[in-house]
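Convention: sequence-line order gives letters A, B, ...; per-chain numbering from 1. Quick caveat: nothing in here was measured; it's all calculated off a predicted structure.
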Protein chains: 2
Amino acid sequence: MNQDGVNLERSLGYLLKEASSVLRAAMEEVLRPLGMSVTHYSCLELLAQRPGLSNSELARGAFVTRQSMNVLLQALEREGYVTRPAEAPVGKVLPTRLTPRGRRSLEKATVAVRSVEVRMLAGMTETEQSGAFRILQSMIRSLRDGNAGA
Amino acid sequence: MNQDGVNLERSLGYLLKEASSVLRAAMEEVLRPLGMSVTHYSCLELLAQRPGLSNSELARGAFVTRQSMNVLLQALEREGYVTRPAEAPVGKVLPTRLTPRGRRSLEKATVAVRSVEVRMLAGMTETEQSGAFRILQSMIRSLRDGNAGA
DNA sequence: TGATTCATGTCAGCATTCTGACATAGATTG
DNA sequence: CAATCTATGTCAGAATGCTGACATGAATCA
């Protein structure tokens with residue numbers, strides 16, 4: 001139609017947003033029956049793989065602000081899914097850990113999320129998957145590099 | 001560390017989320033000086049390429065609910081960037097169009113957003129870009145197809 | 001050592017988006 | 001033709017995430 005716009009039909013940025021949106025919706029769909037949001041799940045998964053992460057580190061890993069993650073952590077702590085020491089062992093950093101209850105809760109969620117990921121990769125060869133991995137990493141690096149300089 | 005989790009380091013879903021997050025941040029950064037959000041921009045761009053889209057169609061194109069888009073459209077209409085007829089010409093659908101002011105506003109935003117997209121694609125060959133396009137479309141299709149059946 | 005810079009946890013207020021609900025117009029179907 | 005289904009626009013309330021701000025501990029550095 002017009003040539004001077006960004007041309008959404010052919011824009012990789014638009015397609016990236018669409019893919020991310022569809023993935024998020026699919027994850028929400030399987031996590032909702034478990035009473036868990038995507039950020040909620042991300043937080044637990046990060047803690048399982050890297051026990052002792054701080055609030056700020058979890059926030060960066062889940063792509064939200066540390067303020068948002070703090071709200072979530074307080075709720076998770078209140079409900080017994082994670083624990084944080086009352087006093088910081090060093091500095092202000094409060095290392096967070098999963099409780100057995102948190103670990104059990106995560107197990108179910110992991111199964112659900114993995115099924116979504118498997119579905120997403122259906123019909124893609126190993127080669128295509130590693131190609132996709134490289135390309136996404138390249139995009140991230142390019143955007144981050146130019147970030148400060150812009 | 002652990003083998004039975006989703007393994008965020010190697011998960012394409014996690015990488016997709018990261019790429020989308022970085023892209024969104026980069027777009028917000030260049031749009032903020034123009035007083036425009038990403039959804040705001042998406043709405044104007046959609047209207048430029050497909051004049052007369054309805055509120056619901058715009059919502060689907062910008063990946064938000066029609067309720068959210070409605071809030072945005074009312075603000076854009078109030079500020080004179082778009083127009084909608086007072087009465088629906090047919091049914092309840094209100095076709096929306098850019099005003100000259102909206103078009104001018106979009107022009108600046110398009111330049112800014114295009115610079116982000118160019119930066120994102122820096123260092124990728126044509127072949128890699130079309131490969132990325134195919135792969136993202138495949139992911140979207142796979143997730144959508146299994147959607148109803150799940 | 002003292003000053004500066006940086007990162008962290010946290011509080012408060014605000015913006016954005018979402019879910020739920022309703023009435024209505026068109027399409028579908030018996 | 002009547003009933004049902006689907007899609008739309010819109011209102012209201014709630015959830016979620018964000019920006020701004022502050023105090024504090026650690027690291028840097030002059």
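The pair B:Glu107-B:Arg103 fails the salt-bridge criterion, with no side-chain N (NZ, NE, NH1 or NH2) lying under 4.0 Å from an Asp/Glu carboxylate O.
Using a 4.5 Å heavy-atom cutoff, the side chains of B:Leu12 and B:Met139 are in contact.
For B:Arg84, no side-chain nitrogen or oxygen approaches OP1 or OP2 of D:dT8 to under 4.0 Å. Contact annotation: A:Asn70 reaches the phosphate of C:dT10 (side-chain N/O to OP1 or OP2, under 4.0 Å).
In this entry the distance linking CD of A:Gln74 with P of C:dT10 reads 6 Å, nearest Å. The nearest whole Å value for the distance from the CD atom in A:Glu77 to the C1' atom in C:dG9 is 12 Å. Computed from coordinates, the B:Glu29 CD to D:dC18 C1' distance equals 16 Å when rounded to whole Å. If you measure from atom CZ of A:Arg60 to atom C1' of C:dG9, you get 13 Å, rounded to the nearest angstrom. The CG atom of A:Leu73 sits 15 Å away from the C1' atom of D:dG17 (whole-angstrom rounding).
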At under 4.0 Å between heavy atoms, how does the protein contact nucleotides 14-25 of chain C? Give one character per nucleotide, 5' to 3', with B, S or -.
---SBBBB-BBS

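End-to-end axis angle for the helix from C:dT1-D:dA30 to C:dG30-D:dC1, using five pairs per end and rounding to 10°, comes out at 40°.
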Could you give me the CA-CA distance, side-chain angles and deciding distance for A:Val111 and A:Lys108, then say whether side-chain contact (heavy atoms from CB on, under 4.5 Å) is met?
CA-CA 5 Å; A:Val111 173; A:Lys108 299 176 198 165; 6.0 Å; no

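If you check the side chains of A:Thr110 and A:Glu45, you find a donor sitting under 3.5 Å from an acceptor.
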